[in-house]
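Have a look at the structure below, then the notes.
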Protein chains: 2
Amino acid sequence: MREEIVKEYISLIPNVFGSFSELNKDSMELSHMQNHVIEYMYMQNRALNLKDISIGLNVAKQQLTNIIKDLETGGYLIKVPDAKDKRAILVSLSPKGKEVQDNKWIKIYQKFSEGLDKLSMEEQLDLRYALHKVNILLEKMGP
Amino acid sequence: MREEIVKEYISLIPNVFGSFSELNKDSMELSHMQNHVIEYMYMQNRALNLKDISIGLNVAKQQLTNIIKDLETGGYLIKVPDAKDKRAILVSLSPKGKEVQDNKWIKIYQKFSEGLDKLSMEEQLDLRYALHKVNILLEKMGP
DNA sequence: GCAAGTAGTAAATATTATATTACTACTTTT
DNA sequence: AAAAGTAGTAATATAATATTTACTACTTGC
């Protein structure tokens, strides 16, 4: 029994990963690490200081100095001194930085939407319900 | 309606990605590209020549020369001359190379299995069925 | 208030990744 | 059998990423 649930889950991973691996295909402007930072900031959706990002991405803070300086120069990030800690600097995504991530999700949306057209109305309902169920249960399993 | 299916799918991605991003956490021995090659070989599950890998991973064959030489030196890959094409060399995973990938999946298995313990028997059955349904329908949607 | 600790920066260095060109040995086409 | 094409290797240059040490300005704990 357990074996079979795991097997289904393992099958799911490549299916979903197909979408995800295409996320960074096009964004040629930015390097791997720069993308990584923007992704992380987008997910956190709040102003972070370098230390936060360093820990969150498991990257040395020394590396971030230049990466973030370049992203700021490019207009993707905004740096503001932290009022509460005068050593620190709060970094947040600019509208341009957010747009980079938004566009990635729009692509996933479009691709998924095309796939949906191949399903009947009944299958679409089934998929919706099954996805909902999976999400609820995976959520419950998480830490 | 469509909006809501997409929304569920978008929610699914981070759930699953949690597992996937941990795949390469520990394998410190190997570089990013070396891991990439081993992953690809593991997925293909057959002997490949450099050209195959080059196309499959969208990497210049010139890059592969050294990557694969190092992997062979490390005992992860085995190189055998192709009998049918004397220019080519067939590369396959050694037991050690397969083990690297196996261990990654074992970790996912274990983590998922721990999560399962938090669910009731009924929920586990629901999850199995819902996952199965999702997999079948996503498969149908793919190219 | 002072010692110890922290956030960020800077610069030097090492390692990886990517790209370009050219070459050998073999295969395919005609 | 000659011409054109292909698989792999080699050497090189540049960019991206990672690591180390050291410094300034500030905060925290005592």
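Worth knowing before you read on, the calculation uses all heavy atoms, side chains too, and leaves out hydrogens, waters and symmetry mates. Reminder, nothing fancy here: chain letters follow the sequence lines and each chain counts from 1.
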Spacing between [X] atom [atom1] and [N] atom [atom2], to the nearest angstrom:
X: Ile89(B); N: dC26(C); atom1: CD1; atom2: C1'; value: 12 Å
X: Lys84(A); N: dC26(D); atom1: NZ; atom2: P; value: 19 Å
X: Asp85(B); N: dC26(C); atom1: CG; atom2: P; value: 10 Å
X: Asn49(A); N: dC26(D); atom1: CG; atom2: P; value: 16 Å
X: Ile68(A); N: dT9(C); atom1: CD1; atom2: P; value: 8 Å

When you check every protein heavy atom under 4.0 Å of nucleotides 12-24 of chain C, what one-letter string (B, S, -) results, 5' to 3'?
-----SB-BB---
Using a heavy-atom cut-off of under 4.0 Å over every strand shown, decide if Asn66(A) touches base, sugar-phosphate, or nothing.
nothing
Please classify the nucleic acid contact of Asp82(A) as base, sugar-phosphate, or nothing, using heavy-atom distances under 4.0 Å.
nothing
Output yes when a side-chain donor or acceptor of [X] lies under 3.5 Å from a complementary backbone atom of [Y], and no otherwise.
X: Lys79(B); Y: Ile68(B); value: no
X: Arg2(B); Y: Ser113(A); value: yes
X: Asp126(B); Y: Lys133(A); value: no
X: Asp52(A); Y: Asn49(A); value: yes

Could you please name the option among [options] that lies closest to any side-chain atom of [X]?
X: Thr65(B); options: dA7(C), dG8(C), dA10(D); value: dA10(D)
X: Lys79(A); options: dT27(D), dT9(C), dA7(D); value: dT9(C)
X: Ala88(A); options: dG8(D), dA7(C), dG5(D); value: dA7(C)
X: Lys86(B); options: dG8(D), dG8(C), dT27(C); value: dT27(C)

Would you say the side-chain atoms of Tyr76(A) and Glu99(A) include a donor-acceptor pair closer than 3.5 Å?
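Short answer, no.
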Please determine, by modelled atom types, if Lys104(B) and Gln101(B) share a side-chain donor-acceptor pair under 3.5 angstrom.
yes
